[in-house]
Colleague: 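Have a look at this one before I ask anything.
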Amino acid sequence: MPDKKQDKFKDECGVFAIYGHPEAANLAYLGLYALQHRGQESAGIASSDGREIYCHKAMGHVADIFTPEVVGSLPGVLAIGHTRYSTAGDTVLRNAQPFSVACNKGLIAVAHNGNITNAGELRRQLEQEGSIFQASSDTEVILHLVARSRERTLAGALREALLQLEGAFSLVFLAQDCVIVARDPHGFRPLAMGQLELSGDRISYVFASETCAFDLIDAVYMNEVEPGEMVIVGPKGMSRERYAPSHRRAHCAFEHVYFARPDSLVFGRSVQQSRELLGRLLHREHPTNADVVVPVPDSGVAAALGYAAESGIPFRQALIRNHYVGRTFIEPSQAIRDFGVKLKLNPIRHLLEGKSVVLVDDSIVRGTTSRKIVRMVRNAGAREVHLRISCPPTISPCFYGVDTPNKSELIAANNTVDEIRRYVEADSIGYLSHDSLRIAVADTKNQYCYACYTGDYPTDLIHIQELMGAKANR
Ligand code: AMP
């Protein structure tokens with residue numbers, strides 16, 4: 001993924017939970033490993049042995065944080081995990097998840113994917129009434145609401161707390177003897193449920209943001225945790241309940257466009273299938289007579305395959321990505337033009353020389369990366385560069401858990417498509433239409449959120465306006 005600027009609205013995360021497995025922490029580690037693409041700055045696992053909750057979290061990648069010793073220090077048959085792209089500065093580790101606390105409902109840990117849009121208002125109320133917050137993350141608000149609830153059981157307190165939240169949340173909770181997961185009533189972010197068969201007909205339940213986490217641990221995908229649903233797995237077995245009345249569903253279209261792994265099922269649909277169809281429809285709407293279809297790796301690969309299949313133009317991986325570009329890389333002090341992109345991508349000259357190239361990527365945000373890549377392809381000898389983008393122009397920030405900058409930095413919010421073409425220096429540009437995006441994600445019942453493409457936010461506008469203001473003034 002490209003470098004991202006820091007702000008507090010981007011809770012790009014992956015969550016995982018497991019109940020009833022003798023190696024719960026180990027499987028949580030593997031699950032997070034598969035979900036690493038959803039967040040690379042911090043990761044954590046909390047486990048329970050029935051008496052204590054053990055938690056380890058740190059900055060960095062899952063594979064570096066969870067050494068065999070660390071995983072070995074997380075006993076018990078139930079665990080939750082989290083991987084996150086988090087905020088900058090010295091508060092970072094404090095914001096890493098899971099959060100684990102002791103309160104009047106017992107010991108609990110929580111991990112969250114999404115963004116609670118009324119967290120600011122809830123936090124102000126809670127602080128006025130004496131609550132003390134340790135982190136700046138919106139997730140902590142949930143723990144305060146749970147602790148303050150008059151309900152006696154954790155499930156009852158959670159129900160009460162969740163009903164006060166607005167926005168996007170796929171949540172996994174760990175108590176001493178149970179795992180509880182819940183999804184917001186719109187179902188913005190994904191949360192899948194699976195099972196693992198153990199010896200003696202025992203079943204272990206697993207939950208993950210994406211099904212690629214199940215594949216790694218040989219779990220079988222069962223279904224989605226439904227929007228507005230809470231699932232409890234404990235000593236008495238598994239139970240599912242609706243804690244909130246159904247709302248219009250608003251699954252994040254961007255999960256299918258970019259964010260999720262193509263080998264996952266997200267909202268019950270194959271991401272690869274959506275992306276290939278995005279590419280096919282892109283060709284139908286914006287055909288070219290180019291010589292080669294070249295993806296921007298990795299984000300444009302599946303759509304480029306679709307574009308090539310539909311057009312009959314040969315597909316060539318003419319840009320090669322270095323997968324080992326890390327945060328620790330020290331840039332040389334002298335200014336080297338386009339260094340950031342060169343570090344990540346390198347063209348194969350002979351595939352591009354003299355050619356008319358269709359360059360396919362999933363989205364343009366600020367336009368700066370796309371401009372550098374178009375230049376790179378041209379400098380490698382391409383005669384023409386036709387940029388094709390497998391979603392509509394990104395015109396509004398996301399407040400439901402995807403990292404987008406504020407409106408003033410979104411190139412499509414402030415420029416016409418032709419102005420964008422000129423900025424990125426492409427010979428032609430084509431964005432997918434909204435209707436085709438709907439077809440590609442199989443949204444026949446109007447169950448997706450397209451706010452980043454339309455500016456129509458499915459939740460309370462007052463909170464969205466507050467968040468917009470906060471983002472613009474940052
Ligand atoms: P730019 O041309 O600078 O707007 O960058 C576009 C690139 O950013 C595309 O390759 C996208 O795949 C990628 N991108 C889009 N959205 C995100 C996001 N939320 N996080 C990280 N990368 C993204």
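Values in this document were obtained by computation on a predicted structure and should not be read as measured data. Every number for a ligand or one of its atoms is a count from 1 in the order of the listing.
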Colleague: Hey, does Asp361 sit under 4.0 Å from ligand 1 if you only count heavy atoms?
Modeller: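 The answer is yes, since Asp361 has a heavy atom less than 4.0 Å from ligand 1.
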
Colleague: Taking the minimum heavy-atom distance to atom 14 (N) of ligand 1, which of Phe259, Tyr85, Tyr258 ranks first?
Modeller: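 The option holding the nearest heavy atom is Tyr258.
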
Colleague: Starting at CG of Leu410, measure out to SG of Cys452 and round the result to the nearest 0.5 Å.
Modeller: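 The CG atom of Leu410 sits 9.0 Å away from the SG atom of Cys452.
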
Colleague: Count the heavy atoms of every other residue, nucleotide or ligand shown that sit under 6.0 Å from OH of Tyr33, and state whether that count exceeds 12.
Modeller: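 12 or below, so no.
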
Colleague: Assess Lys372 for proximity to ligand 1: is some non-hydrogen atom of it under 4.0 Å away?
Modeller: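 Under 4.0 Å: no for Lys372.
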
Colleague: Ignoring hydrogens, just give me the one of Gly367, Gly300, Ser299 whose non-hydrogen atom is nearest atom 1 (P) of ligand 1.
Modeller: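 The option holding the nearest heavy atom is Gly367.
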
Colleague: Applying a 4.0 Å heavy-atom criterion (strictly less than), which segment of Arg371 is in contact with ligand 1: side chain, backbone, both, or neither?
Modeller: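 No part of Arg371 is near ligand 1 at this cut-off.
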
Colleague: Can an N or O of Val296 be found at a distance shorter than 3.5 Å from an N or O of ligand 1?
Modeller: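 Such a contact does not occur with ligand 1.
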
Colleague: For Val402, counting its heavy atoms only, list the atoms of ligand 1 lying under 4.0 Å from any of them.
Modeller: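 Answer, ordered by atom number: 19 (N).
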
Colleague: Within 45° of the axis and under 6.0 Å from the centre of the six-membered ring of Phe133, does NZ or CZ of Arg123 qualify?
Modeller: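 That pair qualifies as a cation-pi contact.
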
Colleague: Near Glu285 CD, under 6.0 Å, is it more than 12 heavy atoms from other residues, nucleotides or ligands?
Modeller: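 Yes.
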
Colleague: Heavy-atom contacts with Phe254 under 4.0 Å: which atoms of ligand 1 show up? List them by number with element.
Modeller: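 Reading through ligand 1 atom by atom, the close ones are 15 (C), 16 (N), 19 (N).
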
Colleague: As an exercise, identify every atom of ligand 1 less than 4.0 angstrom from a heavy atom of Thr368.
Modeller: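 Listed by number with element, the hits are 1 (P), 2 (O), 3 (O).
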
Colleague: Does the ring center of Tyr457 lie less than 6.0 Å from the ring center of Phe399?
Modeller: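 Yes, close enough.
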
Colleague: Does Arg371 count as lying over the ring of Tyr423, i.e. NZ or CZ under 6.0 Å from the six-ring centre, within 45 degrees of the axis?
Modeller: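 Geometry flag: set, cation within 6.0 Å and 45°.
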
Colleague: Between Phe254 and Phe259, is the ring centroid distance below 6.0 Å?
Modeller: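 No.
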
Colleague: Taking only heavy atoms of Arg366 into account, list the atoms of ligand 1 that are under 4.0 Å away from them.
Modeller: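 Close to Arg366: 1 (P), 4 (O).
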
Colleague: Just which atoms of ligand 1 are under 4.0 Å from any heavy atom in Thr369?
Modeller: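 Every atom of ligand 1 under 4.0 Å from some heavy atom of Thr369: 1 (P), 2 (O), 3 (O), 5 (O).
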
Colleague: Surrounding CG of Leu216 (heavy atoms of other residues, nucleotides or ligands, distance under 6.0 Å), is the total greater than 12?
Modeller: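 Yes, CG of Leu216 has more than 12 neighbouring heavy atoms, counting only those of other groups under 6.0 Å.
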
